[in-house]
Amino acid sequence: MERMKQAAQFLASHTAAFVIIAAIIAFFVPQMFGWVKGQSQIIILFIIMFSMGLTLTAKDFKVLASRPLDIFIGAAAQYLIMPFSAYFLSKSLGLSDEIAVGLILVGCCPGGISSNIMSFLCKGDVPLSVGMTTASTLLAPLMTPAMVLLLAGERIEVPAAGMFLTIVEAVIAPVLLGFLLNYRYGQTRTMDDVRQVMPSVAVIGLALIVGGVIALQGSNFFTAGIVIFLAVLAHNAVGYFLGYFVGRFTGMNEAKRRTLSIEVGMQNAGLATGLAVAHFAIYPHAALACAVSCAWHSISGTLLAGWFVRRDEKTEAAVASIS
């Protein structure tokens, strides 16, 4: 069990590298990931969200009630900045309908699970991070289909009802199931061991989802790969910048600003990928844009957290030299 815990910590701290390796393998050996499609992908997404639920406690839900203003600001920023920035970037960059739908879908999804880890690494407000992720996830069945319909409905037909059911089945149900198990058995040694191992399960699941998309759509990467990457890069950067700006504008302290930046910028692109495959299968570039977001958000989140830490170290060194 100790080795499993160590492996889980290693995977959680090297999420980006693991996802990229899986994508590369899937591109050159697609048969290894060809089975990750359709219902199997939804099952994997269920397991990922179940792992998130196992980390939630009653205390995390109390944060939603004890800090309503912070959570409201965070949720509003989450479901306004990323969806609308995806929409306007799609327009300004002249993206095709397929890529635009993928980018908008990523923007309309809730915050990513790994954002909590990044908030911890950069000395952010971790309770706020968990609270924002929880709130945006619980709002997802309504907000994600509604925002996609609003922003992408003019381009393609959006199956909002089907998306709602998928999110309830693959996101809300496993999160609540994981929370209930943790609430009931959270004090046991076995459950504590399981909680420490589950981050690695989430990372493996994310890598499988990305690998599945690359295995099926990897050949399309050369026809639109650069455009997709630039669009994902710009969208992610806008989220980080405006998230931090909203925190500053509303008078939040530095820890909260960092958390807001990371929570807004890092989306649950794994969910977006699952939704793209399940409901927009006729638009392969949409799923590809979501898969690229999966990998890039993990990389950029790690880089941003590291930059915040290095900035603190430089400030502390400057203060020490003066004193």
Side-chain angles (χ1 to χ4, degrees), residues 3-55 102 105-106 109-118 121 133 170-171 174-175 178 194-221 225 228-229 232-233 236 266-278 284 286-303 305:
R3 289 187 177 182
M4 291 181 65
K5 291 179 183 178
Q6 292 174 1
Q9 293 175 357
F10 178 82
L11 286 177
S13 59
H14 296 82
T15 300
F18 193 73
V19 171
I20 291 172
I21 290 171
I24 293 173
I25 293 174
F27 184 83
F28 288 104
V29 193
Q31 56 269 29
M32 287 186 62
F33 291 86
W35 60 274
V36 186
K37 57 183 177 181
Q39 192 61 35
S40 63
Q41 193 172 63
I42 298 300
I43 292 173
I44 292 172
L45 182 59
F46 183 101
I47 294 172
I48 292 174
M49 300 312 298
F50 176 70
S51 71
M52 174 186 170
L54 283 176
T55 66
L105 190 54
V106 170
C109 279
I113 302 172
S114 56
S115 60
N116 305 147
I117 299 173
M118 302 307 168
L121 293 176
T133 301
V171 177
V175 166
V194 169
R195 276 198 304 268
Q196 294 185 54
V197 171
M198 288 311 287
S200 64
V201 175
V203 173
I204 292 172
L206 185 61
L208 287 174
I209 288 178
V210 173
V213 173
I214 298 299
L216 294 174
Q217 310 293 347
S219 59
N220 292 316
F221 187 77
I228 289 174
F229 180 74
V232 168
L233 185 84
N236 182 227
M266 292 186 71
Q267 300 295 88
N268 191 341
L271 171 60
T273 305
L275 292 174
V277 173
L288 195 58
C290 296
V292 171
S293 296
C294 275
W296 176 247
H297 285 200
S298 296
I299 295 171
S300 64
T302 303
L303 293 174

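With sequence neighbours excluded, the residues that form a side-chain contact (heavy atoms from CB on, under 4.5 Å) with Ala289 are Ile228.
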Test side chain to side chain contact (heavy atoms under 4.5 Å, CB included) on Val201 and Phe50 and set out the steps. CA-CA 10 Å; Val201 175; Phe50 176 70; over 6 Å; no
- Please report the C-alpha distance between Asn268 and Ile48 in whole Å, then the side-chain angles of each, then the deciding distance to 0.1 Å, and finally whether the side chain to side chain contact (heavy atoms under 4.5 Å, CB included) criterion is met. CA-CA 11 Å; Asn268 191 341; Ile48 292 174; 6.0 Å; no
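Separating the CG atom in Leu105 from the SG atom in Cys290 is a distance of 4.5 Å, to the nearest 0.5 Å. Going from atom CD1 of Ile44 over to atom CG of Leu208 covers 4.5 Å, rounded to the nearest 0.5 Å.
Across Cys109 and Leu275, no two heavy atoms sit closer than the pair SG-CD1, 4.2 Å. Counting all heavy atoms, side chain and backbone alike, Ala287 lies closest to Val277 at CB-CG2, 4.1 Å. A pairwise comparison of heavy atoms in Val210 and Ala23 identifies CG1-CB, 4.1 Å as the closest pair. Residues Leu54 and Gly178 approach most closely at CD2-O, 3.4 Å, considering heavy atoms. Summarising the geometry of His297 relative to Met266, their closest heavy-atom pair is O-CE, 3.4 Å, with the distance given to 0.1 Å. Nearest heavy-atom pair, Ser293 versus Val232, reported as atom, atom and distance to 0.1 Å: OG-CG2, 3.4 Å.
Residues Leu271 and Met49 are not in side-chain contact: their nearest non-hydrogen atoms beyond the backbone lie 4.5 Å or more apart. Between Ile214 and Leu288, some side-chain heavy-atom pair lies under the 4.5 Å cut-off. No side-chain heavy atom of Val171 sits under 4.5 Å from any side-chain heavy atom of Pro110.
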